[in-house]
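Right, one structure below, let's go through it.
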Amino acid sequence: MEWVFDGGRPCLDLVNTLRNRHQAEGFELLTTPEALAEWLSLAGLAEGQAPVTAEDLETAKWLREAVNRLVTTPPKQQDVELVNKAVEEPLPNARLRLSGGELHKAAPAPRNPVAAAFALIATDVIELVTSPVDVRVCAAEDCGLRFADASPRRTRQWCSMSRCGNRAKARAHYARTRG
């Protein structure tokens, strides 16, 4: 599976697990609990392979679509409630550990690592939609990924300059020099 983490925020990276939204069905990347476990691990939201269930997979998809609607359409109460429900999972607080005379930060493992990951995503979307950061859709015709535009003038066009931006600039250069 080729995971892309160009959204700039964990909540947008989750939204981007449904590719080609501009097409009728899109292309689903979260097809199995194992795929979600891999994504959570690579996104840095869970240690190792979290024990993901089929119910967790459905919850992830519901949360993903609520996040997408919150950042692209006028907010609806049902999406707010879904995000608030996800953020209710208590995250373990950081602890201090003394080792060899030095203090270290220790984070205990959450009781339910998947629910904790959803809580982190929900917290992230709450911070995003209440901040001045703009959410944009990649300008590449064949992409459609969402990304956080925190550029100084809010003029970023592509999810990734190395992928979509480079292809667009190469096409424009070819068009200019071809004629």
Side-chain angles (χ1 to χ4, degrees), residues 3-31 33 35-46 50 52-93 110-161 163-165:
W3 300 108
V4 175
F5 297 94
D6 287 334
R9 309 283 298 237
C11 63
L12 295 178
D13 289 334
L14 177 63
V15 168
N16 292 335
T17 61
L18 179 61
R19 301 283 171 77
N20 301 331
R21 286 178 178 271
H22 58 282
Q23 295 177 351
E25 300 270 330
F27 181 73
E28 179 64 68
L29 297 178
L30 298 178
T31 56
L36 176 58
E38 180 181 3
W39 183 85
L40 290 171
S41 177
L42 293 173
L45 298 171
V52 177
T53 65
E55 184 179 334
D56 292 331
L57 180 61
E58 289 306 308
T59 301
K61 290 177 182 179
W62 280 101
L63 179 59
R64 174 185 67 195
E65 296 312 308
V67 169
N68 184 58
R69 287 187 297 269
L70 285 169
V71 300
T72 59
T73 63
K76 292 190 169 74
Q77 187 61 36
Q78 67 186 20
D79 295 328
V80 170
E81 289 170 6
L82 186 69
V83 167
N84 285 339
K85 184 174 188 243
V87 84
E88 287 175 1
E89 176 66 24
L91 297 172
N93 294 320
R111 288 186 314 275
N112 181 339
V114 177
F118 294 161
L120 290 171
I121 291 167
T123 300
D124 187 50
V125 75
I126 291 168
E127 291 174 9
L128 176 62
V129 299
T130 59
S131 76
V133 174
D134 292 331
V135 174
R136 301 220 187 278
V137 177
C138 183
E141 292 176 4
D142 59 345
C143 183
L145 294 180
R146 275 74 170 140
F147 62 90
D149 182 5
S151 65
R153 294 188 182 169
R154 304 292 194 267
T155 57
R156 185 173 155 196
Q157 293 182 311
W158 300 287
C159 64
S160 168
M161 191 58 203
R163 191 178 49 254
C164 293

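These values consider heavy atoms only, across backbone and side chains, with no hydrogens, waters or symmetry-generated copies.
- A 4.5 Å side-chain heavy-atom check between Leu29 and Asn16 finds every atom pair outside the cut-off.
- Going from atom CG of Leu145 over to atom CZ of Arg21 covers 9.5 Å, rounded to the nearest 0.5 Å.
- The OG1 atom of Thr17 sits 11.5 Å away from the CG atom of Leu12 when rounded to the nearest 0.5 Å.
- Shown here for Leu70 and Pro75, the closest heavy-atom pair between the two residues is CD2-CB, 4.0 Å.
- Nearest heavy atoms, Ala86 versus Leu63: CB-CD1, 4.3 Å.
- We find the OG1-CG distance between Thr31 and Leu36 to be 10.0 Å, quoted to the nearest 0.5 Å.
- Scanning both residues, Val87 and Ala119, for their nearest heavy atoms gives CG2-O, 3.9 Å.
- Across all non-hydrogen atoms, the minimal contact from Trp158 to Cys138 is CA-SG, 3.8 Å.
- Between the side chains of Asp56 and Thr53, a donor-acceptor pair is found at a separation under 3.5 Å.
- Contact of the Phe118 side chain with the Leu45 side chain is not registered, since no non-hydrogen atoms from C-beta on lie closer than 4.5 Å.
- Summarising the geometry, atom CG belonging to Asp134 is positioned 9.5 Å from atom CZ belonging to Phe147; distances are rounded to the nearest 0.5 Å.
- The nearest pair of heavy atoms linking Ala60 to Leu14 is O-CD2, 4.0 Å.
- Proximity of Asn68 to Leu18: side-chain heavy atoms (C-beta onward) are nowhere separated by under 4.5 Å.
- For the pair Val135/Arg9, no side-chain contact is recorded, criterion being any heavy-atom separation below 4.5 Å from C-beta on.
- Other residues, nucleotides and ligands contribute over 12 non-hydrogen atoms within 6.0 Å of the CD atom of Gln77.
- Ser41 contributes no side-chain N or O that, together with a main-chain N or O of Ala37, makes up a donor-acceptor pair within less than 3.5 Å.
- In this structure the side chain of Leu120 never reaches within 4.5 angstrom of the side chain of Thr123, judged on heavy atoms.
- Counting heavy atoms from C-beta on, the side chains of Trp39 and Leu30 come closer than 4.5 Å.
- Judged by distance alone, with hydrogens and angles left aside, the side-chain atoms of Arg156 form a donor-acceptor pair with the main-chain N or O of Ala148 at under 3.5 Å.
- Here the side chain of Arg64 pairs no donor or acceptor atom with the backbone of Val67 at under 3.5 angstrom.
- Side-chain contact between Pro132 and Arg154 is present, with at least one heavy-atom pair separated by less than 4.5 Å.
- Distance alone, capped at 3.5 Å, is enough to place a donor-acceptor pair between the Arg146 side chain and the Gly144 backbone.
- The environment of NZ in Lys61 is crowded: more than 12 heavy-atom neighbours from other residues, nucleotides or ligands sit within 6.0 Å.
- At distances below 3.5 Å, not a single donor-acceptor pair connects side-chain atoms of Asp124 with backbone N or O atoms of Ile121.
- For Ser131 against Leu128, the heavy-atom pair with the smallest separation is OG-O, 2.8 Å.
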